[in-house]
Amino acid sequence: MAASPHTLSSRLLAGWVGGCVWYLKRRTIQESPHKFLHLFRNVNKRWITFQHFSFLKRMYVTQLNRSHNQQVKPKPEPVASPFLEKTSSGQAKAEMYEMRPLSPPSLSLSRKPNEKELIELEPASVIEDSIDVRKETKEEKRWKEMKLQVYDLPGILARLSKIKLTGLVVSTTAAGFALAPGPFDWPCFLLASVGTGLASCAANSINQFFEVPFDSNMNRTKNRPLVRGQISPLLAVAFATCCAVPGVAILTWGVNPLTGALGLFNIFLYTCCYTPLKRISIVNTWVGAVVGAIPPVMGWTAATGSLDAGAFLLGGILYSWQFPHFNALSWGLREDYSRGGYCMMSVTHPGLCRRVALRHCLALLVLSAAAPVLDITTWTFPFVALPINAYISYLGFRFYVDADRRSSRRLFFCSLWHLPLLLLLMLTCKRPRGDEDAAPPPS
């Protein structure tokens with residue numbers, strides 16, 4: 001039976017479509033692995049890593065900074081007091097400035113007062129006080145420009161020059177002058193004291209100028225004038241120069257060149273050696289002890305014009321006294337010194353710090369016994385100075401054994417009165433020079 005033309009054409013079309021589908025399917029199956037590998041290779045090259053995220057974050061922030069200026073973030077409004085939380089702002093303002101008189105029968109005893117009535121009963125003074133406190137705290141948090149007043153300048157310069165430390169330096173210079181042999185020359189004594197004081201002010205001012213970024217990290221020194229910005233660094237350097245130049249000139253031409261040279265050397269040693277060494281090595285403590293030992297030597301040379309054994313003995317006493325004094329002080333300030341970045345024995349070598357303090361406490365006993373041997377004092381001095389020297393040695397031993405804040409504070413406060421009392425005892429027991437100064441008897 002012959003097929004119709006319509007049926008034949010439909011069968012040919014279906015066969016052609018089926019062949020095309022089979023051809024495309026076979027080609028797809030053959031080429032799909034290559035395409036998949038190629039796609040995977042491209043994706044692997046563009047794999048997003050953590051560095052890409054960081055880069056995108058930086059680009060996003062950069063674009064934001066380019067398109068937007070910095071905006072000041074408004075301060076949040078202060079939190080209202082608890083008894084004003086449930087009231088509207090208008091209601092609170094109305095109740096702030098007026099109090100409604102409350103008649104006795106207005107509140108009956110049979111019912112409890114509601115919240116509105118309790119709020120109205122709050123005294124207006126409490127609300128006003130809370131507002132005043134908020135205003136004060138806002139004013140305290142604002143940045144204020146510090147203006148230098150003329151009447152504040154002496155106190156600021158006194159703190160810049162460490163006036164208490166300068167007073168101690170001048171007193172040790174005066175003790176060296178008074179213990180020196182020979183007659184007491186008042187004009188020379190005054191010139192030596194003034195020159196030494198000016199040199200000490202200059203050295204302390206330069207020291208604070210160099211240590212501003214480090215003093216700001218310490219609680220002990222964060223209120224110094226340069227750290228707080230009460231004066232400019234230029235004014236501090238100008239003040240130091242105005243103290244150093246006349247101070248060294250007075251010591252050189254008003255007293256003698258040897259004393260002037262010692263004063264100039266002490267300024268250099270304190271500012272150019274001790275100050276930078278504080279951040280490098282614990283040797284700074286020994287260098288600082290030499291700085292403190294020079295003033296009594298300057299007093300001796302101002303009176304005699306020479307360096308004798310007595311001058312070195314006084315320098316040795318001041319040198320040894322400074323170790324229990326400073327080591328005990330730095331023991332309680334270890335956190336502060338480490339925060340400021342200073343290299344101190346109490347921070348890096350605590351055992352050595354305690355041993356050195358005890359060692360030099362015992363050295364004060366030996367140096368006091370050497371004073372009559374060198375004809376500076378009588379033999380009474382070692383015996384009258386024995387109790388105070390033994391006591392500071394005992395406290396040095398307790399500090400060495402206990403190594404706590406209590407023992408360090410006791411040693412430090414003992415050192416504050418030990419040195420003036422020891423020098424006073426030396427002056428009391430000074431060997432008389434009447435035989436040398438008296439005129440020879442007539443023949």
Side-chain angles (χ1 to χ4, degrees), residues 143-170 172-173 191-255 257 259-281 283-285 287-292 294-295 298 326 336-337 339-344:
W143 287 97
K144 296 180 180 179
E145 181 183 0
M146 299 195 69
K147 296 181 180 180
L148 178 62
Q149 304 292 340
V150 178
Y151 52 83
D152 292 335
L153 190 58
I156 292 174
L157 295 180
R159 286 186 286 122
L160 179 67
S161 59
K162 302 179 184 177
I163 196 65
K164 294 180 180 179
L165 179 60
T166 299
L168 177 63
V169 170
V170 173
T172 57
T173 305
L191 289 174
S193 300
V194 171
T196 305
L198 290 174
S200 176
C201 289
N204 292 328
S205 302
I206 298 173
N207 170 263
Q208 289 196 35
F209 170 75
F210 284 142
E211 294 183 344
V212 169
F214 315 116
D215 288 344
S216 60
N217 297 325
M218 298 176 60
N219 293 327
R220 176 171 170 258
T221 57
K222 66 182 180 182
N223 290 322
R224 286 180 173 176
L226 283 172
V227 177
R228 296 186 61 190
Q230 292 177 321
I231 57 173
S232 64
L234 180 61
L235 180 57
V237 174
F239 173 73
T241 306
C242 293
C243 290
V245 173
V248 175
I250 289 173
L251 292 174
T252 304
W253 288 285
V255 182
T259 308
L262 287 174
L264 183 61
F265 173 71
N266 214 21
I267 294 175
F268 169 79
L269 195 64
Y270 188 72
T271 58
C272 299
C273 297
Y274 170 71
T275 300
L277 274 175
K278 288 170 69 175
R279 298 181 58 80
I280 298 174
S281 171
V283 180
N284 70 84
T285 308
V287 176
V290 174
V291 172
I294 289 179
M298 292 171 61
F326 181 74
D336 245 10
Y337 280 121
R339 192 182 304 114
Y342 293 112
C343 189
M344 297 297 174

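The structure presented is a predicted model; accordingly, all values stated were derived computationally and were not measured. Residue indices begin at 1 and follow the sequence shown.
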Non-hydrogen atoms of [X] and [Y] that approach each other most closely:
X      : Y      : answer
Leu198 : Gly247 : CB-CA, 3.8 Å
Val287 : Cys273 : CG1-CB, 4.3 Å
Val248 : Gly260 : CG1-O, 4.1 Å
Ala244 : Ile267 : CB-CD1, 4.3 Å
Ile294 : Leu269 : CD1-CD2, 4.5 Å
Lys222 : Ser216 : CB-O, 4.2 Å

Legend entry - Between Asn207 and Lys162, a side-chain donor and acceptor under 3.5 Å: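 Result is yes, a qualifying pair exists.
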If you measure from [atom1] on [X] to [atom2] on [Y], what distance do you get to the nearest 0.5 Å?
X      : Y      : atom1 : atom2 : answer
Leu251 : Leu264 : CG    : CG    : 10.0 Å
Ile156 : Tyr151 : CD1   : OH    : 10.5 Å
Phe239 : Ile206 : CZ    : CD1   : 11.0 Å
Asp336 : Asn219 : CG    : CG    : 4.5 Å
Tyr337 : Arg279 : OH    : CZ    : 13.0 Å
Leu165 : Ser200 : CG    : OG    : 5.5 Å

Legend entry - Any residue meeting salt bridge (Lys or Arg N to Asp or Glu O under 4.0 Å) with Arg224, in chain and number order, not counting sequence neighbours: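 For Arg224, the residues satisfying salt bridge (Lys or Arg N to Asp or Glu O under 4.0 Å) (neighbours in sequence not counted) are Asp215.
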Legend entry - Set of salt bridge (Lys or Arg N to Asp or Glu O under 4.0 Å) partners for Arg220, sequence neighbours left out: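 Result, salt bridge (Lys or Arg N to Asp or Glu O under 4.0 Å) vs Arg220: none returned.
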Legend entry - Leu160 side chain reached by Leu157 side chain, heavy atoms, under 4.5 Å: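 Yes. Closest side-chain heavy atoms under 4.5 Å.
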Inset, instruction - Report yes if some heavy atom in the side chain of Leu262 is under 4.5 Å from a heavy atom in the side chain of Asn266; otherwise report no. - result: no
May I ask you to decide if [Y]'s main-chain N or O and [X]'s side chain share a donor-acceptor pair within less than 3.5 Å?
X      : Y      : answer
Asn204 : Cys201 : no
Thr173 : Met298 : no
Thr241 : Val237 : yes
Ser161 : Ala158 : yes
Thr275 : Tyr270 : yes
Ser281 : Leu277 : no
Gln230 : Leu153 : no
Thr172 : Val169 : yes

Inset, instruction - Might you work through the side-chain contact (heavy atoms from CB on, under 4.5 Å) test for Lys278 and Phe214, ending with a clear yes or no? - result: CA-CA 11 Å; Lys278 288 170 69 175; Phe214 315 116; over 6 Å; no
Legend entry - Audit row: Leu226, Ile231, side-chain contact (heavy atoms from CB on, under 4.5 Å) steps and yes/no: CA-CA 6 Å; Leu226 283 172; Ile231 57 173; 4.0 Å; yes
Inset, instruction - List the steps and the verdict of side-chain contact (heavy atoms from CB on, under 4.5 Å) for Asn223 and Arg159. - result: CA-CA 10 Å; Asn223 290 322; Arg159 286 186 286 122; 5.7 Å; no
